[in-house]
Asks: 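Let me give you the structure first, and then I'll get to my questions.
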Amino acid sequence: MTAADMGATGIELGVEHALRQVLDRLAEPLGRAWVVGDVGSGRSTLAARLVEELAPRAWIVDLADLEEPDAPIGGFFSAAAWLPDVSSRQACLRDWPSLGDAAHTLDTEARRCASGTRFTLMVKVPDSWEASPAGADDDLAFASAARGRALLCGLARAEHLRIVWLTSRTAMPELVGGDSLDPIPLPAPRNALALLRTVSWGPYRDAADRLHAAAADVAEPSPLAVRLAVAVVALGGRVDVAAQRLGEARAPALRMLADDLAERLASNVACSQAVSRLLLARREISRSEVAALVGVPSEHVPLVTDCVGYGERAVRVSPPIRDPLRRKKGLRLSADDLERAHRSLADYHAKLDGAPVIADTERDGTRAWLERMHHRAHCEPSGDLDLPCRELYWDRGRYLSIEQRAFAEAAKVYDACLDRFPDDGYSQHYLAYNLERAGRKRERAEQAFREAVRLDCTNPWWNSRLATFLLGQGRLRAARKAWREALDNVDPDGARTGRDGWLADHFHYWVARGFLEAGSAADALGVLRAVPEDVVAASQRLRGLRQQILDAVEADAIGEAVYPPHAPTDRRWREPVALPREHDGAPRERWFPGKIVALGDDGVRLVYAARLDDGTYETSATLVDMESWQKMDFPDPAVGTFVELGIYRGGSRRVCRTDDEWAAWRKTAEGEAERLPSADLPLAYFDRWRSPT
């Protein structure tokens with residue numbers, strides 16, 4: 001937070017009050033304090049003040065967002081880099097399979113260096129670190145969340161370090177070691193509109209003045225929203241709309257203003273590219289260099305120094321601004337521009353660390369070294385792979401695999417990681433994944449998939465992807481065995497699956513889909529039947545997959561699909577959706593779902609079916625001659641059309657198409673929670689059809 005922000009938003013007293021409380025807590029034997037506050041409430045300012053008060057035995061650990069592969073290890077390196085003894089730093093600045101062990105080593109080395117007076121760490125924890133591994137949407141998020149929690153827990157247990165945690169107001173106590181700490185609150189910023197008068201704004205002065213006049217009646221907007229609103233107005237947005245946005249609650253105001261800004265940037269290529277380059281920077285950039293580094297036009301320098309990014313000496317982008325802007329499709333650089341931007345950022349950080357290896361760095365130079373290696377990974381993917389920790393290999397490999405789709409090159413990166421760190425299950429898995437995608441070394445890929453499971457047998461992704469890999473090879477028997485072993489590894493008694501839908505969404509789902517795509521619908525149903533009904537009903541994609549599986553199982557049992565795939569399986573066989581109750585005055589006596597399977601000069605051939613009381617099916621076929629067909633008011637018959645066949649009193653027949661009716665029914669029923677077949681519903685068609693091979 002800048003001095004102008006501090007003065008304008010009236011939070012000096014809150015910071016001063018919190019400072020005194022924190023110093024009192026640090027004087028206690030535990031040496032712990034927990035400060036909570038919103039963005040803009042002065043957490044960074046408080047941390048800087050504490051460093052001044054406790055110098056030289058205190059430093060700030062500014063954790064990166066957990067979405068970054070190196071965020072946990074980078075946080076640990078940032079904590080260790082300030083140890084005054086070279087050998088202590090070098091003992092820490094290396095790879096750590098367990099960040100809990102890393103934190104213990106840091107604590108030990110801190111005691112050795114401290115000579116009686118404990119060091120103090122100010123640990124700034126972003127909101128993203130609040131997510132637990134069980135809420136992760138992908139395997140990297142899962143690994144990062146687990147390693148992040150291990151680091152925080154290790155620091156919380158440190159005996160020879162004093163810790164000040166700085167988090168959002170929504171952080172739970174377990175994030176900082178449990179409920180033994182009472183949080184010290186920082187008040188929310190007030191009078192943020194004063195920024196429109198106290199910040200210089202340069203070429204954006206007129207936009208700030210017009211916004212100040214238009215928003216005079218707005219009460220307590222977010223300082224971040226005020227900054228975005230100035231950018232929107234300066235780029236030609238309507239000042240009354242921007243003022244209206246400031247009157248919204250903080251989160252929606254930021255989202256709407258981010259949308260407005262992205263819309264304005266769409267018509268200004270130079271500014272759009274400058275903002276896109278700025279968003280690539282994970283850490284602060286010197287205010288004196290940022291404009292030239294991102295290439296912003298001179299008349300729009302405040303866009304990057306005071307609006308999207310801000311800071312007195314160094315400019316950084318706050319996560320509530322960065323995250324929504326990063327998701328905008330319009331804020332994308334071409335491949336060449338992206339490479340150049342990463343190279344420029346790598347060169348900028350290289351000037352700050354000045355060391356060939358991380359073990360020779362210290363203090364802020366360590367963090368600059370990590371940033372240099374991150375940006376090099378995105379512009380020099382074939383460069384030196386002698387890296388100090390596994391996460392930096394992950395960063396390179398992920399970029400090559402996901403961004404560049406250079407699977408063979410990505411496999412080389414993970415192979416290089418395993419040469420140094422053979423116990424890394426993540427790299428074993430992604431070596432296999434990228435070899436498979438590249439269509440190379442199938443045996444080596446299988447070996448790596450199995451080794452990943454061996455190294456981390458409870459990981460749901462490693463287990464499920466071994467099974468789906470085998471399915472992709474057409475090895476059903478081996479895939480069934482792998483799935484049984486996966487269940488024993490991950491959820492042997494089914495308790496995790498029954499508690500919530502996360503495991504089913506990220507474990508059962510992929511294997512069931514793999515069996516379905518491999519042509520074994522019965523095996524797919526077997527996987528999904530292990531998931532409780534309420535868990536499936538609560539997941540949109542599990543419900544959708546169940547529909548596909550039951551449709552495929554039914555089609556296999558009948559020998560031909562007689563319902564459209566989107567016709568809900570629990571609504572089938574009840575009553576017709578298209579046939580009239582009467583035809584030519586005769587009531588309907590029987591009806592059957594069916595499909596047109598052939599057309600010829602002799603007529604239209606239908607396959608139709610009936611479901612019997614025991615859950616099995618009886619399938620029949622009939623040929624309707626063209627003369628009879630033309631009397632049915634069914635123009636332009638086509639192979640593959642789903643129909644209903646009605647038999648009416650006196651023997652007359654009627655055929656009606658059903659696709660449109662089922663589509664209309666599904667639209668009106670959208671949002672209904674479907675049910676799995678109940679336990680007592682005969683599924684003889686499933687068990688009888690299931691292949692023994």
Side-chain angles (χ1 to χ4, degrees), residues 31-35 47 58-83 88-89 91-111 118-136 139-168 171-178 180-181 282-283 319 358 366-367 369-371 373-374 388-395 421 423-426 456 459:
R32 294 289 187 273
W34 177 22
V35 179
W59 57 89
I60 297 171
V61 180
D62 193 356
L63 299 174
D65 273 355
L66 202 56
E67 66 184 32
E68 303 292 345
D70 61 341
I73 192 70
F76 172 71
F77 286 168
S78 295
W82 290 78
L83 292 173
S88 292
R89 291 198 302 273
C92 295
L93 298 181
R94 61 181 181 84
D95 181 72
W96 290 94
S98 166
L99 289 185
D101 292 343
H104 176 72
T105 298
L106 172 64
D107 189 38
T108 301
E109 295 297 329
R111 178 185 60 180
R118 290 190 292 174
F119 294 112
T120 303
L121 304 185
M122 266 62 68
V123 185
K124 295 168 62 179
V125 187
D127 290 351
S128 56
W129 285 62
E130 297 176 24
S132 71
D139 40 30
L140 179 60
F142 184 89
S144 294
R147 287 175 67 76
R149 285 298 175 95
L151 174 61
L152 297 184
C153 289
L155 292 176
R157 290 194 296 267
E159 298 177 0
H160 308 290
L161 287 166
R162 300 190 298 184
I163 309 288
V164 179
W165 306 102
L166 298 115
T167 74
S168 71
M172 300 299 291
E174 55 263 28
L175 189 71
V176 295
S180 61
L181 293 177
R282 307 189 304 176
R283 297 293 187 178
I358 195 170
T366 301
R367 194 171 70 176
W369 191 95
L370 289 168
E371 292 309 297
M373 299 309 294
H374 164 75
C389 60
R390 61 196 67 199
E391 284 90 343
L392 294 179
Y393 288 94
W394 297 357
D395 198 2
F421 312 117
D423 62 343
D424 182 16
Y426 184 95
D456 186 6
N459 187 298

Asks: Considering non-hydrogen atoms only, spot the tightest contact between D65 and A71 and give its length.
Replies: O-CB, 3.3 Å
Asks: Please enumerate all residues that pass ring-ring contact (aromatic ring centres under 6.0 Å, His included) together with F77, with sequence neighbours excluded.
Replies: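 So F77 forms no ring-ring contact (aromatic ring centres under 6.0 Å, His included) with any residue.
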Asks: Quick one: list whatever passes side chain to side chain donor-acceptor pair (under 3.5 Å) with E68, sequence neighbours left out.
Replies: R282
Asks: So, D95 side chain and R390 main chain: donor-acceptor pair closer than 3.5 Å or not?
Replies: yes
Asks: Who are the ring-ring contact (aromatic ring centres under 6.0 Å, His included) partners of W165, not counting sequence neighbours?
Replies: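 If we apply the ring-ring contact (aromatic ring centres under 6.0 Å, His included) test to W165, skipping adjacent residues, there are no hits.
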Asks: Return the set of residues passing side chain to side chain donor-acceptor pair (under 3.5 Å) with R367 (not counting sequence neighbours), or none when no residue passes.
Replies: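 In terms of side chain to side chain donor-acceptor pair (under 3.5 Å), with neighbours along the sequence ignored, R367 is linked to E284.
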Asks: D107: which residues meet the salt bridge (charged side-chain N to carboxylate O under 4.0 Å, His left out) condition with it, sequence neighbours left out?
Replies: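 Expected list: none.
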Asks: For D395, check salt bridge (charged side-chain N to carboxylate O under 4.0 Å, His left out) against everything at least two apart and list the hits.
Replies: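 Not a single residue meets the salt bridge (charged side-chain N to carboxylate O under 4.0 Å, His left out) criterion with D395.
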Asks: Mind checking salt bridge (charged side-chain N to carboxylate O under 4.0 Å, His left out) for R162 and listing every partner two or more places apart, or none if nothing turns up?
Replies: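 Counting only residues at least two positions away or on another chain, R162 forms no salt bridge (charged side-chain N to carboxylate O under 4.0 Å, His left out).
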Asks: Looking at residues at least two apart in the chain, or sitting in another chain, which of them share a side chain to side chain donor-acceptor pair (under 3.5 Å) with S144?
Replies: none
Asks: According to side chain to side chain contact (heavy atoms under 4.5 Å, CB included), who are the partners of A58, at least two apart in sequence or on a separate chain?
Replies: L54, T120, M122
Asks: Considering residues at least two apart in sequence or located in another chain, which fulfil the salt bridge (charged side-chain N to carboxylate O under 4.0 Å, His left out) criterion with D139?
Replies: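 So D139 forms a salt bridge (charged side-chain N to carboxylate O under 4.0 Å, His left out) with R465.
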Asks: Could you work out, with side chain to side chain donor-acceptor pair (under 3.5 Å) as the rule, every residue matching T167, not counting sequence neighbours?
Replies: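 Counting only residues at least two positions away or on another chain, T167 forms a side chain to side chain donor-acceptor pair (under 3.5 Å) with W34.
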Asks: Side chains of I60 and L166: closer than 4.5 Å at any heavy-atom pair?
Replies: no
Asks: Would you mind writing out the side-chain donor-acceptor pairs for residues 152-161 within the sub-3.5 Å range, not counting sequence neighbours?
Replies:
none

Asks: Take W369 and L93 through the test side-chain contact (heavy atoms from CB on, under 4.5 Å) and record every step on the way to the result.
Replies: CA-CA 12 Å; W369 191 95; L93 298 181; over 6 Å; no
